[in-house]
Amino acid sequence: MSSGNLSVQLPDLVTISSAFELRANHRCKPASIASEQWLRDSVPLGSAEQSIVHSSKVGLLAALCFPICDTPQLRVAADFLSLLVFSNSRADQADDLAGCGWLDAPSDLGMGWTESFGNHALFQHIIPSIQRLHPTDLWCSNFAESVRSYRSAQAKIINMEMPSNLDVHVQLRREATGFRMVFDLMELVNDLKYPSAERECGEIRDSAGSIIAWTLDIVAYTARPYEAKYNLISFLVHNNKLSVQGAMNLAAVHIKSLFSKFAHAERSLLAPPPGPSLWNWWGSPARPLADETADNVRAYVQALRDCVAGTVHWVYETELYFGQKGEEVRSFGWIFLNYGKTLSWTPGTI
């Protein structure tokens, strides 16, 4: 099939996510400039990767996902997300873990995050920046587990250990995006603690990660449909015997369901306790007295909302997926699939 023979209408991701406020960090420009210069000077990128450092607008992604942190923390976020973009692109083209960037590919069971990242061609360069944020031992332990999950997902995809169950496949794609690591970084730069004792927080985090995985796979599929064999849209096309448009429509249904699941868990987590309550003069129930745990939970959930809203809007701003037609795609949703066309850049899952 030649390029341009098939057009599809993408899900209206902006409208679907409209309940999540889009916020932006006003420190975006200096952090982006510094991060782009660091990538060019200090990270061993290929020529194709170097050519899209600026047009990828990853600094904007960082500013949308981390809207309240200070410039040093935002810079770390921009650097890390940039490395993740290139790491995921390499993984999508890799035949083994070495092709993903893992240098010696030993078993990383029991490794700390610094040892794991030290064994990666790209992520080794972010170690000092993260260490300067003085992570706690608990954070380091959680982050090490997230790094292992990321690598494990890459290994399963390379070994073609692809689940036939959609829910399991979504979980695999969620881990392969690397956003579990991003959520850990979110805690560090925003001085948050993951509320592990609250079951709903796990549901909310998983829902956020799954929304991001669906979003990224939808837009990545449009750029290289024939090479998107592990993509969630490809999964729906082949396993559900759907047309590409049918798969896009079903993807929208799943994303809407995940937003509803997020909202339900959020209400369960943050709703006032049952029983008698005080009422203010306007007839509204008084909110329970906030304590440190409640404040942390609210801030954590808001930070997840920021990551979701930021990613959804960024995919139309970056030139990785739609080139310079992002605004047109955002407005109308229609796009011609890129069948058979060779690109110097592989968009990947982020």
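All residue numbers in this chain count up from 1 along the given sequence.
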Under the side chain to side chain donor-acceptor pair (under 3.5 Å) criterion, do Asp167 and Gln171 qualify, and how do the steps go?
CA-CA 6 Å; Asp167 290 339; Gln171 180 181 355; over 6 Å; no
Under 6.0 Å between ring centres, would you say that holds for Phe123 and Phe80?
yes
Side-chain contact test, heavy atoms from C-beta onward, threshold under 4.5 Å: evaluate it for Glu145 versus Trp113 and give yes or no.
no
Does a sphere of radius 6.0 Å around NE2 in His54 hold more than 12 heavy atoms from other residues, nucleotides or ligands, not counting ones at 6.0 Å or beyond?
no
Taking the side chain from Asn190 and the backbone from Ala303, do they hold a donor-acceptor pair closer than 3.5 Å?
no
Sub-3.5 Å donor-acceptor pair from the side chain of Ser152 to the main-chain atoms of Arg148, do we have one?
no
Asp137 atom CG, over 12 foreign heavy atoms within 6.0 Å:
no
Aromatic Tyr194 / basic Arg205 pairing, under 6.0 angstrom, 45° off normal:
yes
Dump the intermediate steps for side chain to side chain donor-acceptor pair (under 3.5 Å) on Ser234 and Asn231, then the final yes or no.
CA-CA 5 Å; Ser234 293; Asn231 187 288; 4.8 Å; no
Would you please name every residue forming a salt bridge (Lys or Arg N to Asp or Glu O under 4.0 Å) with Arg132, sequence neighbours left out?
none
Looking at Lys156 and Glu175, does any basic side-chain N land under 4.0 Å from a carboxylate oxygen?
no
For Val219, does its backbone N or O pair with a side-chain atom of Thr222 as donor and acceptor, under 3.5 Å?
yes
Can you tell me which residue pairs pass the ring pair (Phe, Tyr, Trp, His ring centres under 6.0 Å) test with a partner in residues 13-51, sequence neighbours excluded?
Phe20-Phe259, Phe20-Phe262
Would you call Lys325 and Glu328 a salt bridge, taking side-chain N to carboxylate O under 4.0 Å as the test?
no
Does Asp191 CG have over 12 foreign heavy atoms under 6.0 Å away?
no
Please lay out, stage by stage, how Arg75 and Ser35 fare under the test side chain to side chain donor-acceptor pair (under 3.5 Å).
CA-CA 6 Å; Arg75 165 66 194 282; Ser35 182; 4.5 Å; no
Please evaluate residues Tyr300 and Phe183 with respect to the criterion ring pair (Phe, Tyr, Trp, His ring centres under 6.0 Å), reporting the C-alpha separation (whole Å), side-chain torsions for both, the decisive distance (0.1 Å), and the verdict.
CA-CA 10 Å; Tyr300 185 87; Phe183 293 161; 7.9 Å; no
Taking everything shown except Asn165 itself, do over 12 heavy atoms lie less than 6.0 Å from its CG?
yes
Step by step, work out the side chain to side chain donor-acceptor pair (under 3.5 Å) result for Thr177 and Tyr150.
CA-CA 8 Å; Thr177 66; Tyr150 176 64; over 6 Å; no
Between Phe117 and Phe143, what is the ring plane arrangement, given parallel below 30°, perpendicular above 60°, and tilted in between?
perpendicular
